[in-house]
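In what follows, every chain begins at residue 1, and chains take the letters A, B, ... in the order their sequences are listed.
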Amino acid sequence: MNLLHELNEQQKHAVTLTTGPVLVLAGAGSGKTRTITYKIAHLIAQQLARPEQILAVTFTNKAAEEMRTRVVGLLQALSASPLICTFHSLAVRVLRRHAHRVGYRPDFTICDTDDQKTILRNVYEELKLADKDLPIRRSHAVISRSKNKSWGPEQYLQRSGDYDAEIIFKIFLSYQKYLEQSNAVDFDDLLLLTVKLFEEHPAMRREYSSRYQYILIDEYQDTNPPQYEIVKSLADVQQNITAVGDEDQSIYSFRGADIRNILEFERDFPGAVVVKLEQNYRSTSPILEAATALVSHNVHRKGKTLWTENPGGEPNEIYVAPTPEAEADFVCRSIHHHLQEGERNIAVMYRTNFQSRQFEEALRRFRIPYQLVGGVSFYNRKEIKDILAYLRLVINAHDNVSLLRVINEPSRGIGRITQEKLHQLSRESGVSLWASVQIAVQNNLFPAKTHLALQKFVQIIQEGMELLDLPLYSVVEKIAQASGYLEMLKRENTEEADNRILNINELIAAAREWIGTGGSVQDFLDNAALRSEADEFDASAPVTLITLHNAKGLEFPVVFLAGCEEGLVPHSRSLEEDALEEERRLFYVGMTRAQKKLYFSFSRVRRFYGAEGPGASQPSRFLMEIPERLLMQVQVPSRTYGGSVVPDGSFARGSERRLHGFVSGAMIFHDRFGHGRILQVEPLGDDLKITVQFPGLGIKKMLQSYARLKLV
DNA sequence: GTCATCCTCGTTTTT
DNA sequence: CGAGGATGAC
């Protein structure tokens, strides 16, 4: 079977290098994932490796799934399958077998962000700290960032230089202790414990690195230090590692991703062969040229030259909207147009999640169906997490985090005070909360009402434990019943509660399907915990709303990059030099998702927290970095705007802010270049109607003329 | 201990 | 504007 004829020379080269380390530096749209996929297929087809000797690590579950299907597609008959997974799911797999070697029981629970914050709240209580002195979100962020750099509490204290490092150090310590006592791990621990396992148990390292003869890593530029350590360990014995990445698409440094991993691959893996993939198969040339021009403003890159055989193509358009509503309106109208032309996959991308709302509302108004990627995913909904917490407790009652989540959900009279006392009890006697509850019940430590409530709770969980022999879905069903959760929702009798009931039913259905996979209850829970929002992406949806981060690895014929404003992209919190380059890469990632047509849009006015920003927003500097010849302004020959101005044409005090951006822009336009024409200025009560005509000036000049104006 | 209401404060990006 | 915490009435 010859799979290689479908590849170009460089891709073929990368695929046929079957021993030793290989670094594939691949530009956007150059087929890097395809190269890995073919390499897996090639190794199997040529009998260079058995499928189970191959391990491929991707960035998201979705990508893993896709790669799996593609491999199966290339090799019709597969007796076994290669392991294709994410770092985190790999870690879970390893740790479920060997947790005891690093101090955990194999039934450890995985905490998500919410759970982490619950734990931190308890730590705060123990250390007598208040959220307003040091916001939990901050300690959470600091702890996670440290772990992403492979720092424990001590290293953090020594190396961070934070002014409040000492107190965070204490929080960090207690947090970690709490996790250990609950036999729980957070996302970061999954990686760290795996590293620890390989470090402290050379036998484990040997076992895994000889089990997998070939290691393939996708999106290598996004690996952080613990992931890097895992890669090193796994490639230890055979050194048959293929890493595929693009330094221009490194956008996860906030999660500890270290671009050095890719820049220093050749030093880390001596004898590495470097292959560059520079032909882009995705985008037409206006898109590719603009993207290339943009990213060439970055200093920290190896640099490569992308080229395409798709000449011509539509010009990139910019639309400047007076308000976010107008921006959404424009996007919807254009989407409508493209849909009518028969386009099937259109994406609207933005920097921050909150921007999705304006587009959702507009799309609904236009009755255009869409999918939102990100936001609150199914497994993140409260009702789902609650029911799953019950399920976790039934498997492992000592899981404090889950216990706290549902001990009073639905409320059964075990409030804050009781919970605090239980905590105290558990700290004093060094046992789990579940054990404390039982001690309390046995020794009658609480008033009659509370006592009964606790008894009832114990009973619910114990009954659940007895059900575990039943099929998973009926366990879930019975738990939803016995806990009183369904009843609570029914009694609420609102549309929202009904929706929640539907969601629970959907969970039961998912549990029913799970039986078919042959996985255990534990696997079911692991899967739920590691499922990310981006995994729910449906490639066939006509319109997709998505953040720039989530869009990585995807492609769409038509892309709208919305909110191209200073402060949004680049985000106001990333204006220092390094962070700025990352923002530029993020923008680059967005641009290079487009196959045929790329739009930029931004709004003169931006609302934060429901109120307007302090002045007109300025166009993103990234727009300015794109050569003018590659940009075209959407034709809006004349527009009518309304706003508050006093009759003589000057702006009323207090009202100028609202319309500051475009009104002032129109005026300076007139001033500075002498071409702009204010067609009409008519008072309308307290309002003023201004009609402006935009002639064909250079687009950047015009964007800037708006932005630079100061209103007097 | 619970529920309702008021208030505060904050939005980067994610496994 | 909205979520989630803090406060106060039962």
Side-chain angles (χ1 to χ4, degrees), chain A residues 57-64 85-92 110-114 116-117 121 124 130-132 135-138 140-141 144-145 147-148 185-192 219 222-224 226-227 250-257 324 349-358 361 373-377 379-380 382 408 410-421 446-447 449-450 453 526-527 529-535 546-552 563 567-575 579 582-583 585-587 589-590 606-613:
Chain A
V57 183
T58 61
F59 198 68
T60 62
N61 289 306
K62 182 77 194 176
C85 60
T86 64
F87 276 106
H88 291 267
S89 53
L90 174 70
V92 171
I110 304 167
C111 295
D112 66 10
T113 313
D114 274 5
Q116 290 175 288
K117 290 189 175 158
R121 262 190 290 279
Y124 272 46
D131 185 82
K132 54 176 178 294
I136 286 190
R137 10 175 316 107
R138 179 170 139 77
H140 174 249
S144 181
R145 219 177 313 130
K147 288 182 163 192
N148 278 318
V185 303
D186 60 23
F187 287 144
D188 307 320
D189 285 338
L190 287 173
L191 303 177
L192 291 175
E219 310 282 14
D222 288 324
T223 49
N224 62 23
Q227 290 168 330
S250 162
I251 55 174
Y252 282 103
S253 70
F254 68 90
R255 199 170 57 188
M349 301 178 188
Y350 35 79
R351 175 66 229 266
T352 63
N353 274 307
F354 84 97
Q355 290 170 262
S356 69
R357 238 184 65 204
Q358 72 189 74
E361 279 165 15
V373 179
V376 184
S377 76
Y379 284 100
N380 255 327
K382 181 176 185 306
N408 202 30
S411 82
R412 46 172 78 89
I414 308 176
R416 209 191 81 238
I417 309 267
T418 308
Q419 288 180 33
E420 260 168 46
K421 283 187 187 150
F446 286 101
K449 224 168 116 190
T450 314
D526 288 347
N527 184 52
L530 297 179
R531 196 128 211 106
S532 85
E533 281 112 37
D535 296 337
I546 193 167
T547 61
L548 289 168
H549 281 91
N550 270 329
K552 196 172 57 143
L568 245 30
V569 241
H571 194 270
S572 50
R573 294 215 193 176
S574 26
L575 294 179
E582 178 147 323
E583 293 285 300
R585 291 193 289 267
L586 189 56
F587 202 75
V589 166
R606 183 64 60 183
R607 275 183 282 277
F608 295 96
Y609 318 130
E612 269 166 31

Look at all strands and tell whether [X] reaches a base, only sugar-phosphate, or nothing, counting heavy atoms closer than 4.0 Å.
X	answer
A:Y252	sugar-phosphate
A:L191	nothing
A:D112	nothing
A:T450	nothing
A:I417	sugar-phosphate

To the nearest Å, how far apart are [X] [atom1] and [N] [atom2]?
X	N	atom1	atom2	value
A:I110	B:dT15	CD1	P	14 Å
A:L530	B:dT14	CG	C1'	13 Å
A:N224	B:dT15	CG	P	13 Å
A:R145	B:dT13	CZ	C1'	13 Å
A:D222	B:dT13	CG	C1'	12 Å
A:Q227	B:dT15	CD	C1'	8 Å
A:L548	B:dT14	CG	C1'	14 Å
A:N527	B:dT15	CG	P	14 Å

At what distance, to the nearest 0.5 angstrom, does [atom1] of [X] lie from [atom2] of [Y]?
X	Y	atom1	atom2	value
A:S356	A:I546	OG	CD1	11.5 Å
A:T58	A:L90	OG1	CG	10.5 Å
A:D186	A:T113	CG	OG1	9.0 Å
A:D189	A:H88	CG	NE2	11.0 Å
A:N550	A:N353	CG	CG	7.5 Å
A:R255	A:N148	CZ	CG	7.5 Å

Does OP1 or OP2 of [N] have a side-chain N or O of [X] closer than 4.0 Å?
X	N	value
A:N550	B:dT14	yes
A:N408	B:dT2	yes
A:T418	B:dG1	yes

Could you work out which one of [options] sits closest to the side chain of [X]?
X	options	value
A:H549	B:dT2, B:dT13, B:dT15	B:dT13
A:N353	B:dG1, B:dT13, B:dT15	B:dT13
A:F254	B:dG1, B:dT14, B:dT15	B:dT14
A:T547	B:dT2, B:dT13, B:dT15	B:dT13

**Q.** A:K449 atom NZ, over 12 foreign heavy atoms within 6.0 Å
**A.**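 No, NZ of A:K449 has 12 or fewer neighbouring heavy atoms, counting only those of other groups under 6.0 Å.
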
(Q) Nearest heavy atom decides the nucleotide; on that basis, is A:L586 or A:G415 closer to the 5' end of DNA chain B? (A)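 The 5'-side residue here is A:G415.
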
Q. Hey, is the main chain of A:H571 close enough, under 3.5 Å, to the side chain of A:E583 for a donor-acceptor pair?
A.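 Yes, A:E583 side chain to A:H571 backbone: donor-acceptor pair under 3.5 Å.
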
Q: Quick one: list whatever passes ring-ring contact (aromatic ring centres under 6.0 Å, His included) with A:F59, sequence neighbours left out.
A: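 Scan of A:F59 (ring-ring contact (aromatic ring centres under 6.0 Å, His included), adjacent residues dropped) gives A:Y252.
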
Q.
Each nucleotide in nucleotides 2-10 of chain C should get exactly one letter: B, S or -. Can you fill that in based on protein heavy atoms under 4.0 Å?
A. S--S-----

**Q.** Contiguous Watson-Crick or G-U pair runs (3 or more, under 3.5 Å) in DNA chain C
**A.**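 Stems for DNA chain C, defined as runs of 3 or more consecutive pairs: B:1-10 with C:1-10.
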
Q: Quick one: closest heavy-atom pair of A:A257 and A:N224, and the distance?
A: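 The pair with the smallest heavy-atom distance is N-CB, 3.7 Å.
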
Q | Minimal non-hydrogen separation, A:G413 against A:A453, with atom names | A |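 The answer is O-CB, 4.3 Å.
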
Q. When rounded to the nearest Å, what value does the distance between C1' atoms of B:dT13 and C:dG4 take?
A.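 So the two C1' atoms sit 22 Å from each other.
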
